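One structure is given here, and the rest of the page talks about it.
If you're wondering where the values come from, they're calculated on a predicted model, not measured in any experiment. Computed from heavy atoms alone, side chains included, the values below leave out hydrogens, waters and symmetry copies. The chain is numbered in sequence order, starting from 1.
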Amino acid sequence: MSASPVRELARRHAAGELSLEEYRARRHELIDDIVSGKTPLIYDQHKPVSRSAAMHTKSLRPAVIGGAALVLVLIVGSALWLLLPRHQASRAAESAAGHSRATVQDASPGSLLIQTFLHNNDWSARNVRNFVDQWNSLPQVERENARKDYRFPRLASELRQQIVSQRAMAGLTPGSGDTEAQLASLQVMASTLGVKPEE
């Protein structure tokens with residue numbers, strides 16, 4: 001069957017057979033004729049589907065349904081995997097500690113020592129000596145694991161900053177026992193941790 005007159009005009013305009021003005025003028029005439037009843041409105045009629053094409057479509061249905069079912073199962077499974085509680089112990093520890101994540105390293109004594117020291121942010125000589133004593137009481141393996149902790153570089157950086165600050169204070173107030181004691185405790189801490197103060 002032929003296309004409707006409106007579509008035929010649009011096709012001819014798109015093919016360059018009609019200019020924009022010609023297309024609009026003919027479309028206007030056609031619409032007026034359709035509205036007045038002079039030209040009947042013709043709808044596209046699709047050709048009937050052949051029997052072999054219908055059979056082909058029916059044979060594809062199970063494959064399409066199976067594929068859709070597989071996708072649905074994967075989506076539901078993924079959603080359940082993400083939403084269902086896993087690792088209840090680590091979630092309880094995470095919420096109890098108030099941290100955004102809980103790792104295996106958090107359970108090691110050296111990592112907890114670093115975490116607590118950084119959290120308290122107390123660089124007094126007494127607290128630094130206390131940290132060094134606790135660090136030295138750890139087994140060598142625990143100290144090595146703590147050096148691999150993601151917080152260790154922050155501890156080392158802050159320690160270096162404290163040493164620089166105390167050196168500046170010692171330069172301003174030579175002979176001050178408190179400043180020199182603080183600087184000495186920081187240097188002992190750096191030596192104990194293997195942190196070079198110059199870096």
| request: Salt-bridge test for Glu8 and Arg11: reply yes if a basic N is under 4.0 Å from a carboxylate O, no otherwise. | output: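 Here Glu8 pairs with Arg11 in a salt bridge, since their nearest N and O are under 4.0 Å apart.
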With a 4.5 Å limit on heavy-atom distance, are the side chains of [X] and [Y] in contact?
| X | Y | result |
| --- | --- | --- |
| Gln187 | Arg167 | yes |
| His13 | Leu9 | no |
| Phe117 | Asn127 | yes |
| Arg151 | Leu155 | no |
| Asn121 | Glu158 | yes |
| Asn145 | Phe152 | no |

According to a 4.5 Å side-chain heavy-atom criterion applied to Ile, Leu, Val, Met, Phe, Trp and Tyr, with indirect links allowed, do [X] and [Y] form part of one hydrophobic cluster?
| X | Y | value |
| --- | --- | --- |
| Leu118 | Leu193 | yes |
| Ile114 | Val188 | yes |
| Leu80 | Leu72 | yes |

Search all heavy atoms of [X] against all heavy atoms of [Y] and return the closest pair with its distance.
| X | Y | result |
| --- | --- | --- |
| Ala190 | Leu159 | CA-CD2, 3.5 Å |
| Ser185 | Ala125 | OG-CA, 3.6 Å |
| Trp123 | Val128 | O-CG2, 3.7 Å |
| Glu142 | Ser108 | OE1-CB, 3.5 Å |

| query | Would you say Arg12 has more than 12 foreign heavy atoms packed within less than 6.0 Å of its CZ? | reply |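 It does: Arg12 CZ has more than 12 such atoms within range.
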Where the side chain of [X] meets the backbone of [Y], is there a donor-acceptor pair that is under 3.5 Å apart?
| X | Y | value |
| --- | --- | --- |
| Ser157 | Pro153 | no |
| Thr116 | Leu113 | no |
| Gln166 | Gln182 | no |

| Pair Gln140-Glu144, side-chain donor/acceptor within less than 3.5 Å |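 Side-chain D/A pair, Gln140 to Glu144: present.
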| With distance as the sole criterion, is a donor-acceptor pair present between the side chains of Ser111 and Asp149 under 3.5 Å? |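 The answer is yes; a qualifying pair exists.
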| Do Leu30 and Arg26 pass the side chain to side chain contact (heavy atoms under 4.5 Å, CB included) test, and can you show the C-alpha distance, the side-chain angles, and the key distance before you say yes or no? | CA-CA 6 Å; Leu30 180 62; Arg26 289 190 183 184; over 6 Å; no
| Looking at residues at least two apart in the chain, or sitting in another chain, which of them share a side-chain hydrogen bond (donor to acceptor under 3.5 Å, both in side chains) with His119? |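 side-chain hydrogen bond (donor to acceptor under 3.5 Å, both in side chains) list for His119, sorted by chain: empty.
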| said: Nearest 0.5 angstrom please: Arg129 CZ to Thr192 OG1, how far? | reply: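 Here the rounded value is 13.0 Å.
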| message | Rounded at 0.5 Å granularity, tell me how far OG in Ser191 sits from NZ in Lys196. | response |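 So the gap between those two atoms works out to 12.0 Å.
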Only distances under 3.5 Å count here; give the side-chain donor-acceptor pairs of residues 131-138 to other protein atoms, sequence neighbours excluded, each with its distance to 0.1 Å.
unit_1	atom_1	unit_2	atom_2	d
Gln134	NE2	Asn130	OD1	3.4
Asn136	ND2	Val132	O	3.3
Ser137	OG	Gln134	O	2.7

